[in-house]
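Inspection log for the structure reproduced underneath, given as structure tokens.
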Amino acid sequence: MKSTNMRRRSIAAALWFLLLTMTVTAMAERVNSSSSAGLFWSTAKEEEDLLRKADPNDDSTAASVVNERDDELDGGFSSLDGMLQWAIGHSDPVKLKETAQDVQRLSLSELKKRQSEIKELMERLKMPSDAQLMQIALDDLNNSSLSLEDRHRALQELLVLVEPIDNANDLCKLGGLAVIIRELNHPDTDVRKFSAWILGEASQNNPFVQKQILELGALMKLIKMVKSSYIEEAVKALYTVSALIRNNLAGQELFYAEAGDLMLQDLLSNSSIDIRLRRKAVFLVGDLAECQLEYTHKAELRFLSNRLFLKSVVDLTVSTDLDLQEKALVAIKNLLQLRTTEAPVLRDFCGLDGALERLRHQLEGLIQEEDRKDYAMDVENIRREVELIFHSKLREWQETKVPT
């Protein structure tokens, strides 16, 4: 009986090591083929650097961020049991049986050797946390001798990593925002483009990151970058400006102080500017106006009711780009509802009545086209809504002028 139990334990141990071996092999294949493993770790880093935690003597905050991610180093499995269950589900039963028979013939010393080899292999396959990957990329960017190709790669890694809000917050704690903002001044246009893009991704709907970036003084630089002759850089810079000041009153006030309104008006009124910039610009106008409507206790941004500014928005309705027209209508709808927007200005100076009528005729034609019918009908619904709000506001104004 004693020898039988020992034999059973030996077989169980052998099978356990077998499954663990298969798990490790499968994990290697999983890492090589998964989208998340598509990140190429940056440059001049030895293999052990990928598992290195930040030195707490250098930056205690950064070290704590890295330590908080220790539980993620298993590559996605919450426990060894989970790994084994996954291995069983993804194993070839025939090969499993054949290999099991081979493993059962191993001696205890051979099993111990196999255990040591497996442990070593698992350590080599251990995946670094997102915080560790961000720290590695930041270290690369701080390397003045880094090649331009590797600088691009480090920025592209960060662009993917900062999408989750927790990672964006960790980037702040690691001191990464200052590093990325510094890269906005790099002579290479793609470095500037990726840097602006990272800041935009990190600050999307994230007041904590928005505040940090604004305090570091990046907004003025980004507004200037919108005027770049390299259109991809300009588009990403405007995207980031929008992300920074969205639902952020302090950011919007700073935007106005940095002459952001003049930048917007230039984009809206210049028909030679890339259509993507004009779309983003008018979308931002609508977003700013909507934000003002939510904070009724705050003073409205003055430039939103400026007649020249309003006219530049209304004039977009004559565009041949339906997407731009739709965004212009949404912006006008929100602008109409502001307290400081005067209906007579929109009627007499901006010619909103005539613009809405011309757009109605255009949409009637587009509705007849099968491939554009649905979209044109959606835009027509917005146009009617704008018309109703406009006429209602005109009536209210007229009633206030009637002598009592």
Side-chain angles (χ1 to χ4, degrees), residues 200 204-205 226 231 234-236 238-243 245-247 252 260-261 263-294 301 303-338 341 343 345-347 349-394:
Q204 280 283 6
N205 303 311
V226 175
I231 189 60
V235 168
K236 291 301 183 287
L238 183 54
Y239 159 74
T240 303
V241 169
S242 299
I245 65 177
R246 179 167 296 121
N247 297 320
Q252 291 170 18
D261 58 321
M263 178 267 288
L264 275 181
Q265 187 166 342
D266 183 56
L267 294 176
L268 297 174
S269 58
N270 190 343
S271 60
S272 65
I273 287 178
D274 188 279
I275 193 69
R276 289 175 293 171
L277 283 172
R278 304 185 83 200
R279 288 173 186 158
K280 288 185 180 296
V282 74
F283 181 83
L284 176 55
V285 172
D287 198 50
L288 290 173
E290 183 177 22
C291 183
Q292 299 292 299
L293 292 172
E294 293 176 3
L301 291 169
F303 73 88
L304 292 176
S305 57
N306 178 279
R307 60 173 55 199
L308 292 173
F309 188 84
L310 291 171
K311 190 174 190 309
S312 65
V313 178
V314 172
D315 287 347
L316 293 178
T317 59
V318 302
S319 170
T320 56
D321 184 88
L322 197 56
D323 188 15
L324 182 59
Q325 291 173 311
E326 179 190 21
K327 288 178 169 59
L329 284 171
V330 172
I332 294 168
K333 182 182 75 171
N334 292 339
L335 290 166
L336 272 168
Q337 297 175 75
L338 296 179
T341 303
V345 171
L346 284 165
R347 181 191 62 188
F349 185 79
C350 302
L352 182 56
D353 259 335
L356 292 173
E357 185 62 18
R358 286 190 297 272
L359 184 55
R360 183 179 69 81
H361 287 295
Q362 178 190 346
L363 292 171
E364 282 180 351
L366 293 176
I367 289 173
Q368 305 306 314
E369 300 176 12
E370 190 60 34
D371 59 332
R372 305 182 76 180
K373 177 181 179 180
D374 292 341
Y375 190 16
M377 289 180 66
D378 290 340
V379 177
E380 169 59 15
N381 288 335
I382 301 173
R383 190 204 66 82
R384 289 176 182 173
E385 189 176 0
V386 169
E387 195 170 50
L388 288 172
I389 297 172
F390 175 47
H391 289 160
S392 175
K393 188 155 189 170
L394 268 179

E294 atom CD, over 12 foreign heavy atoms within 6.0 Å: yes

Audit row: Q325, L322, side-chain contact (heavy atoms from CB on, under 4.5 Å) steps and yes/no: CA-CA 5 Å; Q325 291 173 311; L322 197 56; 3.3 Å; yes

Heavy-atom closest contact (V226 atom, M263 atom, distance): CG1-SD, 3.8 Å

Short side-chain to backbone donor-acceptor contact, Q265 and S312, under 3.5 Å: no

Backbone of K333 reached by a side-chain donor or acceptor of Q337 within 3.5 Å: yes

Main-chain N/O of I245 paired with Q252 side-chain donor or acceptor, under 3.5 Å: yes

Heavy-atom closest contact (L268 atom, R278 atom, distance): O-NH2, 2.6 Å

Atom of L335, atom of L304 and distance for their closest heavy-atom approach: CD2-O, 3.6 Å

Test item: N334 side-chain N/O and G286 main-chain N/O as donor-acceptor pair under 3.5 Å: yes

From OG1 (T317) to CD (E326), nearest 0.5 Å: 13.5 Å

Separation of L352 CG from D315 CG (nearest 0.5 Å): 10.5 Å

Nearest atoms (heavy-atom pairs only) where Y375 meets D323: OH-CA, 3.3 Å

Test log, rule side-chain contact (heavy atoms from CB on, under 4.5 Å), inputs E369 and L366: CA-CA 5 Å; E369 300 176 12; L366 293 176; 3.9 Å; yes

D378, L388, I332, L329 screened by side-chain contact (heavy atoms from CB on, under 4.5 Å) with R383, the one that passes: L329

Crowding at CZ, F283 (>12 non-hydrogen neighbours, <6.0 Å): no

Euclidean distance, K280 NZ relative to D287 CG, rounded to 0.5 Å: 12.0 Å

Student check: side-chain heavy atoms of R279 and D321 closer than 4.5 Å: yes

Trace of the side-chain contact (heavy atoms from CB on, under 4.5 Å) decision for F349 with L310: CA-CA 9 Å; F349 185 79; L310 291 171; over 6 Å; no

Step-by-step salt bridge (Lys or Arg N to Asp or Glu O under 4.0 Å) determination, K373 to E370: CA-CA 5 Å; K373 177 181 179 180; E370 190 60 34; 5.3 Å; no

V282 versus A331, closest heavy-atom pair with distance: O-CB, 3.8 Å

CG on L324 to CG on L316, rounded to 0.5 Å: 5.0 Å

Minimum heavy-atom distance between A281 and L238, given as atom pair plus value: N-CD2, 3.9 Å

Separation between CG of L363 and CD of Q368, rounded to the nearest 0.5 Å: 11.5 Å

Inter-residue atom distance R246.CZ - Q204.CD, 0.5 Å rounding: 5.5 Å

Side chain to side chain donor-acceptor pair (under 3.5 Å) between H391 and E387, worked out: CA-CA 6 Å; H391 289 160; E387 195 170 50; 5.0 Å; no

Side-chain heavy-atom pair L394, L346 within 4.5 angstrom cut-off: no

